[in-house]
Amino acid sequence: MPIRLHDSMTRSVRELKPAHDDGVFRFYNCGPTVYAPAHIGNFRTFVVNDVIRRLLELEFGPGKVKHVRNLTDVDDKTIKRARDAGRPLADVTRQWTAKFHADCLALNCLRPHVEPTATDHIREQVDMIDVLLCKRHAYRTPDGSVYFRVSSFQEYGELSHLQERELRLGSALAGKPQPADADEKEDGSDFALWKAWKPEDGDVKWPGPDSAAAGRPGWHIECSAMSKKHLGDNIDLHTGGEDLLFPHHENEIAQSECCNGVTFANHWYHSKHLLVDGKKMSKSLGNLYTLDDLTAKGFSPMAVRYALLAGHPSKQLNFTLDSLHAAESALETLRKYKAELMFNLGKDAAGFAAVQQALHDDLNTPAALGALFSIVNRGAKNVDPNSFEAAMWALGFDLAKTNAPKSEAPAGVIALAAKRWAAKQAKDFTAADALRRELTAAGWSMLDRKDGYSLEPLKH
RNA sequence: GGUGCGGUAGCCAAGUGGUAAGGCCGAGCUCUGCAAAAGCUCUAUCCGGCGGUUCGAUUCCGCCCCGCACCUCCA
């Protein structure tokens with residue numbers, strides 16, 4: 001069953017297929033900048049891309065997909081972070097890379113086959129810049145920086161569908177302060193390939209392209225260089241969040257195609273942003289969540305994954321704490337269904353085919369979840385457990401990870417619970433009820449069973 | 001100003017030219033000292049508004065209202 005996915009370049013839904021003779025599907029996903037913990041908006045993109053990766057493997061075979069996702073470990077933000085903390089750049093980026101990996105693991109995202117970093121590919125970036133200089137697609141400025149000459153690339157703006165007029169005088173620009181390098185550039189839409197060292201960069205610098213100053217690469221060039229190195233000049237799919245469409249991906253196309261002379265990517269996919277409570281996430285609104293923020297509230301990472309997949313990746317998704325509660329409950333239902341399946345081995349192998357069918361149809365994750373529960377609601381009889389497992393794998397749900405980690409109850413709460421249990425055994429229900437109210441006030445719920453009880457924190 | 005996306009039940013969210021998936025919440029019942037869990041059942045005469053096309057539109061077209069995003073380094 002072919003995978004069909006929206007293509008930002010043609011603005012149409014097209015089939016994904018490897019274009020190269022070796023049959024390996026070349027997949028590049030723009031990764032995070034490692035200067036702080038990623039927020040759930042970032043993770044929407046990475047979880048969606050993880051589902052794409054899984055579908056590709058199911059379709060073409062595990063050995064026939066090469067998934068590359070970069071780590072941006074040198075840019076204004078990382079440098080500022082290191083400078084403010086008085087720590088070496090590599091130290092800071094190592095810390096946040098580790099955090100990113102831990103979060104991805106918790107969200108059950110498969111590791112990309114290659115995770116290149118910008119600082120490990122300075123040579124490759126410089127080489128590309130040299131070629132662009134040589135071909136007159138780039139020029140040096142007096143301070144030793146290098147810029148890409150946008151006017152030298154006819155197709156510029158094709159992906160974002162921005163016309164030259166809009167690129168130059170978008171009114172959003174009108175009120176904004178001009179970038180510091182505005183005077184240096186031949187044209188306002190030119191962008192930096194190489195940034196000459198400045199005092200605030202501290203010890204962050206590398207030898208530059210031919211006759212340019214020492215400094216560091218511009219942001220866009222890293223993806224062009226790493227994509228070229230690990231996947232070749234022409235790749236099958238390039239993805240990222242919607243904000244990357246312009247200018248990042250537009251610039252990547254310009255650099256790569258001017259350098260390599262061939263089409264950069266055959267297919268582009270951009271997932272839409274996450275909103276929280278109907279608004280764009282921002283620190284000032286207090287609605288910016290990291291994974292840790294949510295697990296601290298008692299939610300499981302798997303519920304976060306579920307909630308992130310509950311909306312169509314091509315549409316903005318409104319994330320709320322209520323949606324996390326819904327996700328947690330839904331996963332619990334799946335866990336019980338799975339347990340039931342184990343005692344009810346059926347043979348209907350096609351059982352959950354509808355789930356993958358929905359995913360193959362432009363990554364319709366909400367429809368896939370709908371199909372999933374429609375089948376689950378029919379009961380476990382006759383269903384082949386392998387079919388269920390395949391659906392879980394495609395969505396990346398690890399049901400063993402469903403339950404939120406149980407917090408340890410404080411000693412006072414444990415004592416109250418013990419007292420209540422004793423009162424209950426003595427059939428002193430008045431006292432037992434009073435103690436239950438005390439436990440509730442303390443933020444805990446006591447769950448009775450025939451032979452004992454357990455304690456759970458109340459969710460808020 | 002330019003470029004896009006969207007407005008479907010209390011919340012989240014699919015979808016279709018022929019009459020509304022799914023999840024959550026809620027309600028009722030069974031069970032149960034209480035609470036929870038579990039099981040069963042129910043929950044949009046209607047898809048932002050107004051026109052148009054059509055035998056028929058939530059689904060196509062036009063206009064309007066509202067929300068969101070991008071427009072040079074935010075996934």
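What you see is a predicted model; the values in this text were computed from it and never measured. Labels below follow one simple rule: chain letters A, B, ... track the order of the sequence lines, proteins then strands, and each chain is numbered from 1. Just the heavy atoms: all of them, side chains too, but no hydrogens, waters or symmetry mates, feed the values below.
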Looking across every strand, which nucleic acid part, if any, lies under 4.0 Å from [X] by heavy atom: base, sugar-phosphate, or nothing?
| X | answer |
| --- | --- |
| A:L244 | sugar-phosphate |
| A:K77 | sugar-phosphate |
| A:H220 | nothing |
| A:H248 | nothing |
| A:D75 | nothing |
| A:L317 | sugar-phosphate |
| A:G241 | sugar-phosphate |
| A:G240 | sugar-phosphate |
| A:N49 | nothing |

Answer yes or no: side-chain N or O of [X] and base N or O of [N] forming a donor-acceptor pair under 3.5 Å.
| X | N | value |
| --- | --- | --- |
| A:R420 | B:G33 | yes |
| A:K280 | B:C74 | yes |
| A:R436 | B:A35 | yes |
| A:K272 | B:C70 | no |
| A:N364 | B:G15 | no |

Nearest to the side chain of [X], heavy atoms from C-beta on, is which of [options]?
| X | options | result |
| --- | --- | --- |
| A:N42 | B:A36, B:C24, B:C74 | B:C74 |
| A:D76 | B:C73, B:G22, B:U72 | B:C73 |
| A:E242 | B:G22, B:A69, B:A13 | B:A69 |
| A:D433 | B:A69, B:C34, B:A14 | B:C34 |
| A:T333 | B:C12, B:A75, B:C24 | B:C24 |
| A:R11 | B:U3, B:G33, B:C12 | B:U3 |
| A:N377 | B:G22, B:G15, B:G33 | B:G22 |
| A:D322 | B:C11, B:C68, B:G15 | B:C11 |
| A:K315 | B:C5, B:C12, B:C68 | B:C5 |

Test item: A:W219 and A:N251 side chains (from C-beta on) under 4.5 Å apart, heavy atoms: no

Check: A:S445 and A:T440 side chains under 4.5 Å, non-hydrogen atoms: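 A:T440 does not reach A:S445 side chain to side chain.
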
Verify stack between A:F429 ring and B:G33 base, 5.5 Å, 30 degrees: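 So yes, this residue stacks on that base, both cut-offs being met.
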
Backbone N/O of A:A431 and side chain of A:R436: donor-acceptor pair under 3.5 Å: no

Side chain A:T290, main chain A:A38, donor-acceptor under 3.5 Å: no

Under 3.5 Å side-chain donor-acceptor pair for A:D190 and A:Y139: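 A pair is found: one side chain offers a donor N or O, the other an acceptor, under 3.5 Å apart.
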
Residue whose closest nucleotide on RNA chain B lies nearer the 5' end, A:D448 versus A:Y306: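 That would be A:Y306.
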
Pairwise 5' ranking along RNA chain B for A:A330 and A:S314, keeping only the more 5' one: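 It is A:S314 whose nearest nucleotide is closer to the 5' end.
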
Dot-bracket line, read 5' to 3' along RNA chain B, where crossing pairs take [ ] and | marks a partner on another strand, Watson-Crick or G-U under 3.5 Å: (((((((..(((.....[...))).(((((.......))))).....(((((..]....))))))))))))....

Short N-O contact, A:D76 and A:R216, less than 4.0 angstrom: yes

Of A:I40, A:N42, A:L275, the residue whose pairing with A:M281 passes side-chain contact (heavy atoms from CB on, under 4.5 Å): A:I40

Step-by-step side chain to side chain donor-acceptor pair (under 3.5 Å) determination, A:D75 to A:T72: CA-CA 7 Å; A:D75 77 325; A:T72 298; over 6 Å; no

A:Q154, CD: over 12 other non-hydrogen atoms inside 6.0 angstrom: no

